[in-house]
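Here's the structure, in structure tokens; my notes come after.
As a basis for the values below, the full set of heavy atoms in this structure was taken, side chains included, without hydrogen atoms, waters or symmetry mates. Bear in mind that the values here come from a model prediction, so they are computed numbers and not experimental data. Residue numbers count from 1 along this sequence.
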Amino acid sequence: MAETKREIERKYESDESGLPDLTAVAGVAAVLDKGVVELDAVYYDTADERLAADSLTLRRRTGGSDAGWHLKFPVGPGVRDEIQAPLSGALPRALAGLVRSRVRGAELLPVVRLRSARDLRHLVDADGTLLAEVSVDAVHAERLAGGAGAAQWTEIEVELADGGDPALLDQVERRLRKAGVRPSKSSSKLARALKATAPGRKPGKKSRRGTKKGQPDAPGPGTSGEHVLAYLRAQRDAIVGLDPAVRRDVYDSVHAMRVATRRARSAFRSYGRILDRTVTDPVGEELKWLAGELGAGRDQEVLTERLTTLLAELPRPLVTGPVRTRLRTWSHARRSGSRRRMTAVLDGRRYLALLDTLDALLADPPLLKAAGAAPEKAVAKAVDKDFAAVSALVERALALPPGPDRDLALHEARKKAKRARYAAEAATPALGDPMAALTKSMKALQGLLGDHQDSVMSREALRDLAAQAHAAGENAFTYGLLYGREEQRAATAEAELPRLWTEVGRRRKG
């Protein structure tokens, strides 16, 4: 069973002179000598070092108190999440899944072996509570794949104890610096080993295929094509990077990954004069499929949360019959998503093929003539087109009387507002404040129209629930009351729309 540990540590260069006296650090009552521990770790990666390119480390280590398989993901400077699995001969299945979005069909090979003699100290407070582990590591690195180099060095490592105060690391660092110790230039032992033993090849470097005849080899600096591709690469990286978090069921990771797929698909459609849609449309359809899989069950969860909140706001005397029980039963019957199903999707050939297709498209983009134009022309024109589509739909909806036709028009306007928002978002690095303002405006419009659409969906659900309750001989009063409240919320959103839309137009012209 894999376990996750947040690792907060700092590394320092060592001239083998040992450690200065750390009892001078505030809060440290004693430095306990824990002896020397012999560690032997083999690090795994693909032949082109894809994990190292993303600052991931996968190792099998013996020796020490945490022998086993370790997979580390960067969280921030000096902070990593370490996922641990028991020692075994083969890579545990749980860890293999967490690197699949990077590895895909490639083979994981032993690339580096690190043997360390770790002289370990514990920093403890007056009660004997562990504050941090400090070690002086004598490291011997041996390359196992892609060369036959070797290197050795000594470093100091300071790791904060679980639940410790990160301010302690600052205090320890001040003491080390005063003694002449300096921070390491490498983020990890593996990074240093790969650099020290490499035969001149850069980790993670991928080959680039040639582009079609008549196309530039790559969009020039500052061009529309460069900016659009940068945005698409960010979405591709987000999808790949969020994959392990989705598998681990990290909060909001599914939603974030779904948003990245929608952003990429939206960019393909908005910037069809920059990237050939005959090439990107099939990729967009696969992104739509993935977004649908990621959303399986999520929309139902959101709707259930909304209805549950509405019900909780009612005074107790207004809740007649087994409303809460019926709501739970109804929600469970309609729930289609599950973590097991999501993992199956992420392990499936279709998803992995989509990742490969995105990589290939970004390596060899189907550039059109407008890709070489300045962003003030091609990118701005695409944003203008999307905004015009939103404008037409909002104006049409405002001209319709309240009812199903207006609801449908507002729903379409919401989808177009989202697309315009993403287009403006992609344009912001190139065109600056006007696009940032438009992004903000479209987000506000999307939020208002989204609340209206949620009300439409809630009312449909309440009609369904009321019909079920009536058929079972239950009192349907509460469902009708909730329906009326949702109807009022929709009316409030519709009444607010003209003011918001006028404000959007004023900002757009300004």
Side-chain angles (χ1 to χ4, degrees), residues 1-11 37 39-46 50-104 108 114 116 118 120 122 129-133 135 157-166 168-169 187-191 237-258 260 294 298 337-347:
M1 192 74 171
E3 297 180 358
T4 302
K5 177 180 181 296
R6 177 62 55 88
E7 181 183 80
I8 304 175
E9 65 178 19
R10 298 183 188 178
K11 297 180 183 294
V37 180
L39 305 174
D40 191 345
V42 174
Y43 289 77
Y44 289 77
D45 207 336
T46 59
R50 299 177 193 178
L51 300 185
D54 283 348
S55 300
L56 273 64
T57 62
L58 173 64
R59 73 186 179 199
R60 181 184 184 276
R61 189 169 78 180
T62 57
S65 60
D66 62 347
W69 287 90
H70 304 154
L71 174 60
K72 298 187 181 186
F73 290 94
V75 176
V79 183
R80 293 187 291 182
D81 277 344
E82 181 179 275
I83 301 166
Q84 304 174 343
L87 193 63
S88 60
L91 176 63
R93 194 175 196 180
L95 300 193
L98 296 178
V99 297
R100 188 159 287 125
S101 64
R102 271 89 170 184
V103 174
R104 300 175 206 171
L108 282 170
L114 295 182
S116 305
R118 169 163 291 182
L120 186 62
H122 280 183
T129 302
L130 178 65
L131 302 174
E133 287 189 350
S135 62
E157 183 175 293
V158 184
E159 181 175 348
L160 192 67
D162 293 345
D165 184 358
L168 175 69
L169 296 182
S187 59
S188 67
K189 288 183 176 66
L190 176 63
D237 292 347
I239 293 170
V240 172
L242 285 163
D243 177 299
V246 171
R247 293 172 185 270
R248 293 163 57 202
D249 203 23
V250 174
Y251 174 73
D252 206 40
S253 58
V254 171
H255 172 69
M257 190 174 181
R258 191 182 188 191
L294 290 166
R298 175 57 182 163
S338 70
R339 186 177 178 186
R340 181 177 296 177
R341 171 178 171 170
M342 182 51 55
T343 300
V345 169
L346 299 183
D347 284 339

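Counting heavy atoms from C-beta on, the side chains of R248 and D81 come closer than 4.5 Å. Between E9 and S135, the closest side-chain pair of non-hydrogen atoms is not below 4.5 Å. A heavy-atom distance below 4.5 Å is not found between the side chains of L190 and D45.
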Inset, instruction - List the steps and the verdict of side chain to side chain contact (heavy atoms under 4.5 Å, CB included) for R80 and T57. - result: CA-CA 10 Å; R80 293 187 291 182; T57 62; 4.0 Å; yes
Inset, instruction - Please lay out, stage by stage, how L98 and L56 fare under the test side chain to side chain contact (heavy atoms under 4.5 Å, CB included). - result: CA-CA 11 Å; L98 296 178; L56 273 64; over 6 Å; no
Inset, instruction - Could you go through the side chain to side chain contact (heavy atoms under 4.5 Å, CB included) check for R60 and L95 one step at a time? - result: CA-CA 11 Å; R60 181 184 184 276; L95 300 193; over 6 Å; no
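Nearest heavy atom pair, residue P166 against residue R10, reads O-NH2, 4.5 Å. Taking every heavy atom of both residues into account, P86 and W69 meet most closely at O-CD1, 3.4 Å. The heavy-atom pair separating R6 from V79 by the smallest distance is CD-CG1, 3.3 Å. Nearest approach of L160 to G164, heavy atoms of both residues: CD2-O, 3.3 Å. What you find for V254 and L294 is that their closest heavy atoms are CG1-O, 3.2 Å. What you find for V240 and R102 is that their closest heavy atoms are O-NH1, 3.6 Å.
The ring-ring contact (aromatic ring centres under 6.0 Å, His included) check on Y43 picks up nothing, with sequence neighbours excluded.
Ion pairing between R118 and E133 fails under the 4.0 Å rule for side-chain N and carboxylate O.
Expressed to the nearest 0.5 Å, how far CG of D40 lies from OG1 of T62 amounts to 4.5 Å. Note that CG of L168 is 11.0 Å distant from CD1 of I8, once rounded to the nearest 0.5 Å. A distance of 11.0 Å separates CG of L131 from NE2 of H122, quoted to the nearest 0.5 Å. For the atom pair CG of D347 and CZ of R100, the computed distance is 4.5 Å after rounding to the nearest 0.5 Å. Distance check: K189 NZ to L114 CG gives 8.0 Å after rounding to the nearest 0.5 Å. If you take NZ on K72 and CG on L51, they are separated by 14.0 Å, rounding to the nearest 0.5 Å.
Judged by distance alone, the side chain of R247 and the main-chain N or O of G97 form a donor-acceptor pair under 3.5 Å. Remark: side-chain polar atoms of R50 are paired, donor with acceptor, to backbone N or O of V103 under 3.5 angstrom.
If you run side-chain contact (heavy atoms from CB on, under 4.5 Å) between D66 and each of E82, E3, K5, only E82 comes through.
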